[in-house]
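All values below come from the heavy atoms of this structure, side chains included, with hydrogens, waters and symmetry mates left out. Residue numbers start from 1 in every chain, and the chains themselves are labelled A, B, ... in the order their sequence lines are given, proteins ahead of strands.
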Amino acid sequence: MSHSLDVAAVKADFPILDREVHGGRLIYLDSANTSQKPRAVLAAMEHYYANSNANVHRGTYLIAEEATNALEEARAKVARFIGAPASQEVVFTKNATESLNLVAKAWGRANLRAGDVVVLTELEHHANIVPWHQLHDELGIELRWLPITADGHLDLTEVDRIIDGAKVVSFAATSNVLGTMLPVRRLVDAAHQAGAIAVVDASQHVPHAATNVAAWGADFVAFTGHKMLGPTGIGVLWGTSEILEATPPFLSGGEMILNVTKEGFTTNDIPWKFEAGTPAIAEAIGLGAAVDYLEGLGMDAVREHEVSLTGYALRTLAERFGEDLCVHGPADAAERGGVMSFTFKNLHPHDLTQVFDQHGVCVRAGHHCAKPLMRVLGVAATARASLYVYNDEADVDALADAIAAAADFFSF
Amino acid sequence: MSHSLDVAAVKADFPILDREVHGGRLIYLDSANTSQKPRAVLAAMEHYYANSNANVHRGTYLIAEEATNALEEARAKVARFIGAPASQEVVFTKNATESLNLVAKAWGRANLRAGDVVVLTELEHHANIVPWHQLHDELGIELRWLPITADGHLDLTEVDRIIDGAKVVSFAATSNVLGTMLPVRRLVDAAHQAGAIAVVDASQHVPHAATNVAAWGADFVAFTGHKMLGPTGIGVLWGTSEILEATPPFLSGGEMILNVTKEGFTTNDIPWKFEAGTPAIAEAIGLGAAVDYLEGLGMDAVREHEVSLTGYALRTLAERFGEDLCVHGPADAAERGGVMSFTFKNLHPHDLTQVFDQHGVCVRAGHHCAKPLMRVLGVAATARASLYVYNDEADVDALADAIAAAADFFSF
Amino acid sequence: MPGLEDLYREIILDHYRSPRNRGELPVPPATRVEGFNPLCGDEIVIFLSVANGAVEDIRIGGQGCSISQSSASMMSAVVKDKTVAEVHRLTNAFKAMMSIHVGGDDHGDALPDPDVKLGDLEALQGVVKFPVRIKCATLSWNTLAQAIDEAMASEDP
Amino acid sequence: MPGLEDLYREIILDHYRSPRNRGELPVPPATRVEGFNPLCGDEIVIFLSVANGAVEDIRIGGQGCSISQSSASMMSAVVKDKTVAEVHRLTNAFKAMMSIHVGGDDHGDALPDPDVKLGDLEALQGVVKFPVRIKCATLSWNTLAQAIDEAMASEDP
Ligand SMILES: Cc1ncc(COP(=O)(O)O)c(C=O)c1O
Ligand SMILES: Cc1ncc(COP(=O)(O)O)c(C=O)c1O
């Protein structure tokens, strides 16, 4: 293999991959949904709870100081990992969904009014759609949609016309259904050209490829810990210092204030202004450990591995099933993430994955929280296999075998 | 001892209590801030990650089903623990702060308008103040404050007059500063009498005493996982089915929808309508294990232990320091939780706890996220020692020794 | 471990391949209700006409897996010409087969009637061993219940 | 392990017990600014009058721990009659002693000037071994910086 990832060694770091299901090994191909966690991430959280568990930014004793330092170190790690100019630009949230809600509702309520235009793409996840629908209902903002082409790319022909006059352009860096990698810098520039802010949903990008938010030039970037080897319960919103300073608080309570009286309150500095209540301390520390783990592998090696394995998968499926199997999205592995949504003959995805499950193959069937895209694709659901650092060619072969078994069972 | 808690056995369940700090044992007296975690809670999360980690309500394979079941079982445990008539009335949030924001902003925005009155008490935590301040700034609602008496009780003489005409009465069941236990049922009835909804911040109650939300008759009850032996990153909002059904969604995105189109969305059933994005799955499971652990101890035994130990602490401090030490709040241990805010001579709390730290004694100094109460008490800060299931008389003695050491060091 | 044969009985696959009562009815007079299974994306559309307290006609639209589609198809066949009360009993019996607790509680539902015959629908019994699929099997029934409520509401003066 | 003696030098306790320049100034002409340390609840109020680009008078109010109060007291003594530029150099030197990175970055701050003499303030050096207390020690300085900004802004035409 050409890439430099030692997948066997990586596999050994993930305890769940030793598990048997239905009498065979677990073949986990649903990392776009949530990733598995390496021992190092679990150990970091366990270590925190067993040694330094205390509330942060409040305690005046040793373990409270350790907890605060561990949380802020995790923030610094995340900042470095995504090329953020400053740690304080990294806001911890509970997931990417909260991050995007913060943008739509804290920034949006303060800056948008009836008739203002927010531009999305047709391939957005519900997390980057429904908050804007709520703002539509509340404020009367208007949504416009950047269309996709038949092969699952963003249609760039009309981008500037559609974005013209908009206040916000918000889009996924990588599609969670098609794997398409969008031209982030191109869209950010178009947004700024039009006087709009650019919001990037990088939930499927940060885990899989080197990310530099400064090079993107975006205003806000959202992503989620559990898809990048981190725990559940932690997400990130990055924003430039300027825009974070100018955005009013969202959730409110402890931690995010400088002063509270019966009459009103004043807010704390960024990022704490946006972190109301006791944060997900252990989870932030776990995310920091996940970042360490990914940096240990090297994000270029991660990407190289996924391109190579996705290429193998696309070739294998084409060879074994020909026209019976249709993979949505870009045909060239180099232009996409390791997410493959497919339909097989006229078998419904849920029936397909039911058979897969008997073979230990974990593949998601459904709309993948992207119902508008499903409508564009003309399907109600797809089966989606997605690859990550612990997957190898044997996993892809197991998927192909499971597809063959399904064909067999339903005797098509 | 009269109570039935075997504290030595409990202590042994908490790995962090084996830790040494500054050459001595860790004496953790800050559980009102955050509690320590028993091995069983850490093991439950570890087991989940190592065996069943998958996203919930989405997966069609075995481990996804296990994950979904584990999450929903945790919900059922929490529901049973607080006497909720139905599991679906338990909404998972990230902390009590989010729970209270949900009430203020989702229910509040839909139901309140300029001039409407929200009644709070003077002893509220910022989490139950600042969201209402935000609503004041946004909608022009008006806040009224139920005063406290000199001995730290709620002043009941004018309750009905103050609540008259209000739309919301929102209050802590137990004060995180004074330990005062409020007459919840009395306040709920007064609220309903006035046509207001009753919101209970039970963050300091649920961990320490048997709770029955149905017996309280409240509309909403908020609390937080990390103060009740659970992990960080998980909170709870309980609401009656009726009020949850009638409340519009708050955060939005995946999980909380039934359908999404380019034009709009329809919401999922309760409680999922309020759980946007990937939930804190491991954390909910950890909270479920914490509930199991507390039920194993028995909440009556927990309460009995705290009353007894608080009584011991109040007596010990009075005997050793007399008038030099002033404990705020009710004098009778049976009328309060195990939270003791105190001032010692004219030593500033932060200087006091600095000395404590050298003795391994973890006590919080500050405003405890209750600045309006600090103003009422006429102080800028207090030192606060708080007790839980793993504390014993030796811990209280260590606190008294540390106070003596501080007096000595500052040679007062 | 339950096998796939427990789930996919021949009669289910037959209804899936040749669904009964597919199509639409003019609205109004018919009632149109959509149902969604957010888990796997199944969508169902029920067109229902109720007259004199009974199901006069029913048509099914939408897209879904073999379990949701066959359940809808079998349901459509069995409820036609049944009174609303009979449909209610059938629904309870079907849900009971799916291990969903109904009746006998304070929601005022009747206990499932042991005499109700589910016929072809019994082929869906195996679903209960695959709990995730229960939502697929019951989607059409829940949607029907809603359609009946709406139809009755617009019948009432 | 650093000992308490490293933190609580005698001169600190002296300033704590007998704070210099406590009180208020009439506003206007003086500027009034509040500072908060959300960690432990310290509150400081600075009353500042600036004339001809120099600190004409300063008074300190508020409540806080020995470190924040003594730091404020010592600061008030040292900045009186200093020009704004001198105060800026003192602030940088003090923050450098607190291990806070200042200057030489793209915020346009000058590097701390090694010739600036901190005098009594050097007693706060031990704070650096107790990182949580750094915020206590710097609270008055950050508040002063804000007060100077506001005073200068209202001086300018
Ligand atoms: C009474 C009370 N309410 C609310 C909270 C907020 O809890 P959290 O920080 O977990 O949101 C706390 C604890 O900090 C509390 O003591
Ligand atoms: C592109 C994209 N955006 C947002 C999300 C939402 O992430 P979370 O559920 O962690 O909030 C997801 C994953 O579900 C995603 O794939």
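For A:Lys105 (side chain) and B:Phe250 (main-chain N/O), a donor-acceptor pair under 3.5 Å exists by modelled atom type.
The pair B:Glu275-A:Lys94 does not count as a salt bridge, with every side-chain nitrogen at least 4.0 angstrom from each carboxylate oxygen. Taking 4.0 Å as the cut-off between side-chain N and carboxylate O, A:Arg39 and B:Glu46 do not count as a salt-bridged pair.
For the set B:Gly264, B:Ser252, B:Pro131, B:Ala365, the count of heavy-atom pairs under 4.5 angstrom toward chain A peaks at B:Ser252. The choice from B:Glu138, B:Glu263, B:His136, B:His368 that makes the most heavy-atom pairs within less than 4.5 Å of chain A is B:Glu263. Residue with the most contacts toward chain B among A:Glu122, A:Gln134, A:Met45: A:Gln134 (heavy-atom pairs, distance under 4.5 Å). Counting heavy-atom pairs under 4.5 Å between each of A:Ala282, A:Cys362, A:Ser31 and chain B puts A:Cys362 at the top. Per-residue counts of heavy-atom pairs under 4.5 Å with chain A were compared for B:Glu98, B:Lys262, B:Glu283; the largest is that of B:Lys262.
Of the atoms belonging to A:Leu26, it is side-chain heavy atoms, and not backbone ones, that fall under 4.5 Å from chain B. Within the 4.5 angstrom heavy-atom criterion, no atom of B:Leu102 approaches chain A. Proximity to chain A is limited to the side chain of B:Ile129, based on heavy atoms less than 4.5 angstrom apart. With a 4.5 Å cut-off on non-hydrogen atoms, B:Ile234 does not touch chain A at all. Contact of A:Glu66 with chain B is made through the side chain alone, with heavy-atom distances under 4.5 Å. Contacts between B:Val41 and chain A at a heavy-atom distance below 4.5 Å are absent for every atom of the residue.
Counting heavy atoms from C-beta on, the side chains of B:Tyr49 and A:Pro15 never come closer than 4.5 Å. A 4.5 Å side-chain heavy-atom check between A:Met256 and B:Thr97 finds every atom pair outside the cut-off. Proximity of A:Thr224 to B:Thr278: side-chain heavy atoms (C-beta onward) are nowhere separated by under 4.5 Å. Put simply, the side chain of B:Asn55 does not reach to within 4.5 Å of the side chain of A:Asp30, judged on heavy atoms. Considering only heavy atoms from C-beta on, A:Glu255 stays 4.5 Å or farther from B:Cys369 through its side chain. Side-chain contact check for B:Pro279 versus A:Thr232: every heavy-atom pair is 4.5 Å or farther apart. Side chains of A:Arg375 and B:Val260 form no contact here, defined as non-hydrogen atoms less than 4.5 Å apart. Using a 4.5 Å cut-off on side-chain heavy atoms (C-beta onward), A:Ile257 and B:His126 make contact.
Shown here for A:Ser52 and B:Arg19, the closest heavy-atom pair between the two residues is OG-NH1, 3.8 Å. The two atoms that bring B:Phe265 and A:Asp137 nearest to each other are CE2-OD2, 4.1 Å, heavy atoms only. B:Ala54 approaches A:Tyr28 most closely through the heavy-atom pair CA-OH, 4.4 Å.
Every residue meeting the side-chain contact (heavy atoms from CB on, under 4.5 Å) condition with A:Asp357, not counting sequence neighbours, appears here in chain and number order: A:His22, B:Tyr61, B:Leu62.
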Requested in this report: Carefully, step by step, assess A:Lys371 and B:Asn259 under the rule side-chain contact (heavy atoms from CB on, under 4.5 Å).
Outcome: CA-CA 7 Å; A:Lys371 291 196 86 167; B:Asn259 194 27; 2.9 Å; yes
Requested in this report: Could you give me the CA-CA distance, side-chain angles and deciding distance for B:Ile16 and A:Ile63, then say whether side-chain contact (heavy atoms from CB on, under 4.5 Å) is met?
Outcome: CA-CA 10 Å; B:Ile16 201 173; A:Ile63 61 170; 4.2 Å; yes
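Summarising the geometry, atom CG belonging to A:Asn95 is positioned 8.0 Å from atom CG belonging to B:Leu251; distances are rounded to the nearest 0.5 Å.
Residues A:Thr60 and B:His350 have side chains that never bring a donor and an acceptor to within less than 3.5 angstrom of each other.
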